[in-house]
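Computation of the quantities below employed the complete heavy-atom set of this structure, encompassing side-chain atoms and omitting hydrogens, waters and symmetry-equivalent molecules. So that the names make sense, note that chain A is the first sequence line, chain B the second, and so on, each numbered from 1.
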Amino acid sequence: MFAFILRRTIQSVIVLFVMSLLVFCMINLVGDPVDMLVNPESLPDEIERVRRDFGLDQPVYSQYWHFLKGALSGDLGKSYVFGRPALALMAERFPATLELAFCALIIAVTIGLPLGIYAGLRPDGFATRIMMGMSVLGISIPTFWLGLMMIILFSVILGWLPVSGRGDIGVFLGIESSIFTMDGLRHLIMPATNLALFKIAMVMRLARAGTSEVMAQDFIRFARAQGLPRKRIIKSHLLPNILIPIVTVIGIEFGTLIAFATVTESIFSWPGLGKLVIDAIINLDRPVVVAYLLFVVALFLTLNLIVDIIYAALDPRVRLQGDDT
Amino acid sequence: MRNDPLLSIKGLRVEFPTQDGPLVAVNNVDLDVARGEVLGIVGESGSGKTVLGLSAMGLIDRPGRLTAGQVVFDGQDVTKYSESGWRNIRGNRIAMIFQDPTTSLNPVQQIGAQMIEALQSHRDISRDNARQIIRNAMVRVGINSPDERLNAYPHQFSGGMRQRVVIAIALLNEPDLIIADEPTTALDVTIQAQILRDMRRLSRDTRTSLVWVTHDLGVVAQIAQRVAVMYAGRIVENGPTEKILKSPCHPYTEGLIASMPANALPGERLHSIPGGLPQLSKLPAGCSFAPRCNYAASACNMSPKLIQISSDHAVRCVSPLDGGS
Ligand SMILES: Nc1ncnc2c1ncn2[C@@H]1O[C@H](COP(=O)(O)OP(=O)(O)OP(=O)(O)O)[C@@H](O)[C@H]1O
Ligand SMILES: [Mg+2]
């Protein structure tokens, strides 16, 4: 187990390094941040001074070298716009995004899993056809369009839910989150559902495919031949076997929930990472964009590792490579 | 001691709808299993042996279904049973062992847990009592040091061991009837002989009826008192093992006996019946074996009736061979 984690960590550091190189070079091809930083009427020597101050007069490789030195000591550069460390900005915004993604995941699993299992158990049922039809919609309708429709329906027409923002934040066991206040929940429910819709459809399809595959296996038939009650078969034979692939996918999907929260956050003005990075891209705030992209890469690497460990815990047949114990 | 048969199948017909029309997997089958009897069912691959066994458990896969006939178990017509009625019989009074031992066990559940489930779904007993019964069952099928095995997962067992576990599970609730569907084909010859011996002894000691499905007449000779020969969904010959092996009345049985490895002359090619099973959805009129039969005559265009050769020996052929000539 330890050897496995160590090997994966070393691999991850290499991947991060290569990614930072790519990201850094590519972002230097886009626009000139100085144009965004100075008043358009400034004099040329004023512009030159700003360029020097930010180190943008240096060649790309020395800028990268400078960045890399900083990165090794935990400094990913300062935001051009806010004048504060990019990492600190991200750390401030991260809880909001995490909370949103987490709620979306819970919604996706609690709705998607039972529906998918039902559909897998009754492949020809009327309800199944309706659900599968809906899931096609869930996958093909753009998130932003649905988000706007939700705002129009629930906020503008019905007036049930607030249009945007994060709402009150409560503290429980030292964790700050809007889950803990009524107002916070009212703000959270719409963006979280919006973010979850795609994943509900996905979890449902996975669960359905898994269920129909597992139910056709010999050990299910053998369990029935032993006279096991249906509930028992579902609980101890079906569920553990379909959970293995679902957990894997959900783990990875949690990363995409965070990464793709950008659209939802923009529509609902949710003060999270996604909104931060969209603003940073518009303002050519390079350090923030680079820090965000590297963060997303690191997130995916970590999630992959965690998923592999959980996978091995769920499936006794799996042994982690490099694990000799 | 009661003389009525334990299991009595009457005029049974099982169909699977296919694109070419209904596939008749079991065709007008009559079969009795006496209390304490070991009955062998032989026939080549696809002749309907497994489907026949499954229909005695109410486990025919949809869309297949019983279209005619009755299954009477211990005086009760179980054909009309509800799912919960079946549940009380399955594993409790009739147990079935499936063809492939490697896939009959849930891969992600410990052996012990699977066995406890099988017990507790029919009896209200404590875990300690259950463990004691499980230990006994495991020792009975030749698994040494059962305690160490209980926490193991199926993949940690060899194929032979897994099949023993499956047999032990079938024995747990002391059923009146065990249907064993080629349970030893995956095992090597010595283990196969050992299991056959153990099962025969078990049947004698506890008066458990045994239906042993196989395509190997040699196995039938070792274990069964009576044998039913199946061809294309029908029972074509039915009688005491010794009589049938010595003087078969159906040309198909004669062919099967000739193709037993034990009957091959050294250096000579193994005999095999020419041709293959007819398509079960397009059965020819008349005898379905006629196209492959050496003795076929024009009378074979008529559907043959079951002819009683003697009180305990019947054959479905218009011109039965007269015993060994
Ligand atoms: N679930 C099913 N759906 C459709 N057809 C089926 C199904 N199960 C069995 N059949 C058909 O029923 C016929 C009899 O199959 P069965 O499995 O009973 O044969 P068998 O005698 O057990 O053969 P084997 O020795 O290979 O196990 C075959 O033609 C098979 O294709
Ligand atoms: Mg079979």
Side chain, backbone, both or neither: which part of [X] has a heavy atom under 4.5 Å from chain A?
X: B:E117; answer: both
X: B:I179; answer: neither
X: B:E83; answer: side chain
X: B:I169; answer: side chain

Salt bridge flag under 4.0 Å for residues [X] and [Y]:
X: B:R93; Y: B:D74; answer: yes
X: B:R140; Y: B:D198; answer: no
X: A:K199; Y: A:E253; answer: yes
X: B:D61; Y: A:R221; answer: yes

Taking atom types as modelled, is there a side-chain donor on B:S104 or B:R162 under 3.5 Å from an acceptor on the other?
-> no

Below 4.5 Å from any heavy atom of chain B, which atoms of A:I244 appear? Answer side chain, backbone, both or neither.
-> side chain

Considering only heavy atoms and a distance below 4.5 Å, find which of B:Q114, B:R90, B:Q156 pairs most often with chain A.
-> B:R90

Under a 4.5 Å heavy-atom cutoff, which of B:I97, B:V166, B:T102 has the most pairs with chain A?
-> B:V166

Any side-chain heavy-atom pair of B:R35 and B:P5 under 4.5 Å | no

Looking at A:S236, A:P240, A:A216, which one has more heavy-atom pairs under 4.5 Å with chain B than the rest?
-> A:S236

